[in-house]
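Structure, as structure tokens:
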Amino acid sequence: MTAGPMQASARACANIALAKYWGKADVKRNVPAVPSISLTLDQLVTETRVRFDPSLGADVLRLDGRRATATEAERVAKLLDRVRRDARLRLSARVTSHNYFPTAAGLASSASGFAALAAAASAAAGLRFNPRRLSALARASSASAARSIYGGFVELPAGKRGDANLSARPIAPPEHWNVRLVVALTEPGQKKIGSTEGMERSRKTSPYYQAWLEQAPKWSRKIKRAIRERDLDALGAAMEQSTLAFHCCAITSDPPILYWAPATLAALATVRRLRERGVSTWATMDAGPHVKALCGADDASRVRRALDRTQGVTRTWIAKPGPSIEVHR
Ligand code: DP6
């Protein structure tokens, strides 16, 4: 790829949390209150190009071929401002970003999006490649994005108020363990409440939030050990508990946040039935109705077929462990 001195592009993969992040220790700095562990996924990719351009009077942002909304532009400008401050740069930037997801509908792209933006903007501004700094930069915009800087299995520790430099770190590379994540898209039930808003509401109103803060590190530890030992049953069991516990916080918020649709429960039942028949597969859900089932490579087609046949599941595909961020100047 050819590029001038003030431009760069980056490619980042989305990730799925195996141990969930839900809740902030510092809202302003966007510091998570619980540790989380993720798997970076191939196929779910964002590519972002940033060009600092003296001819621009303001930042220009295009996402998937359209102009960004004011809210999106503001979130991006905050990240660009941090990069400009670090690089002592005053120029405005043109940002173009594309999501290459198997389908546009229903899966969060903020993790891959802010990871790619952090890397492309930093490289375009001439800052030296430093994954820890990129991870902290991405985390300040969206904490799950901190994890998408690295490939394979990644952890983001819990932080404290004022932790400006908190970053994720790799646990094991993608080739460590040949697992699969079968993604099952379902018909959404109700209007989506974004994770930022959802977790703030849980923190302020759920009577179970404190219990979640106390218990989450335990699942995180179990999941980390299970990854090291390649123990799918141990990982899966702890992942389901972490998922259901965070959803419990959401559901008991005021007003309640119920991310599930009827198809979510149907897909959960499918995963449980498969397990009863001897397939080691385990489910997780994020701030939406879709179900993702973790399993071994040999079982992925069977799990996918079963989810395809589940009432209300609209689309499925199989994701593998994905690589770390790639930057091109
Ligand atoms: C349920 O990273 O999107 O997917 O930091 O406010 O941008 P912000 O939240 P975000 O939250 C992700 C929440 C989750 C669980 C997870 O990915 O760990």
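Start at 1 and go down the list; that is how both ligands and their atoms are numbered. On a predicted model such as this, the values are computed, not experimentally measured, just so you know. Worth knowing before you read on, the calculation uses all heavy atoms, side chains too, and leaves out hydrogens, waters and symmetry mates.
Among all non-hydrogen protein atoms, the one lying nearest atom 14 (C) of ligand 1 is D286 OD1, 3.7 Å. Counting only heavy atoms of the protein, atom 3 (O) of ligand 1 lies nearest to S195 OG, 2.8 Å. Atom 17 (O) of ligand 1 has its closest protein heavy atom at R147 NH2, 2.8 Å. Looking only at protein heavy atoms, the nearest one to atom 15 (C) of ligand 1 is Y21 O, 3.3 Å.
Heavy atoms of H247 stay at 4.0 angstrom or farther from ligand 1. Residue contact annotation: F246 has a non-hydrogen atom under 4.0 Å from ligand 1. By the 4.0 Å heavy-atom criterion, M199 is counted among the residues contacting ligand 1.
Atoms of ligand 1 lying under 4.0 Å from any heavy atom of R75, numbered from 1 in the order shown and given with element: 7 (O). Residue A17 approaches ligand 1 through these ligand atoms, each under 4.0 Å from one of its heavy atoms: 16 (C), 17 (O), 18 (O). With ligand atoms numbered from 1 in the order given, ligand 1 contributes 6 (O), 7 (O), 8 (P) to contacts under 4.0 Å with heavy atoms of T196.
Looking at K24 next to ligand 1, an N or O pair under 3.5 Å apart turns up.
Separation of the W22 and H247 ring centroids does not fall under the 6.0 Å cut-off.
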Could you go through D286 and K20, starting from their C-alpha distance and side-chain angles, then the distance that decides it, and tell me whether this counts as salt bridge (charged side-chain N to carboxylate O under 4.0 Å, His left out)?
CA-CA 8 Å; D286 292 286; K20 300 293 177 183; 2.7 Å; yes
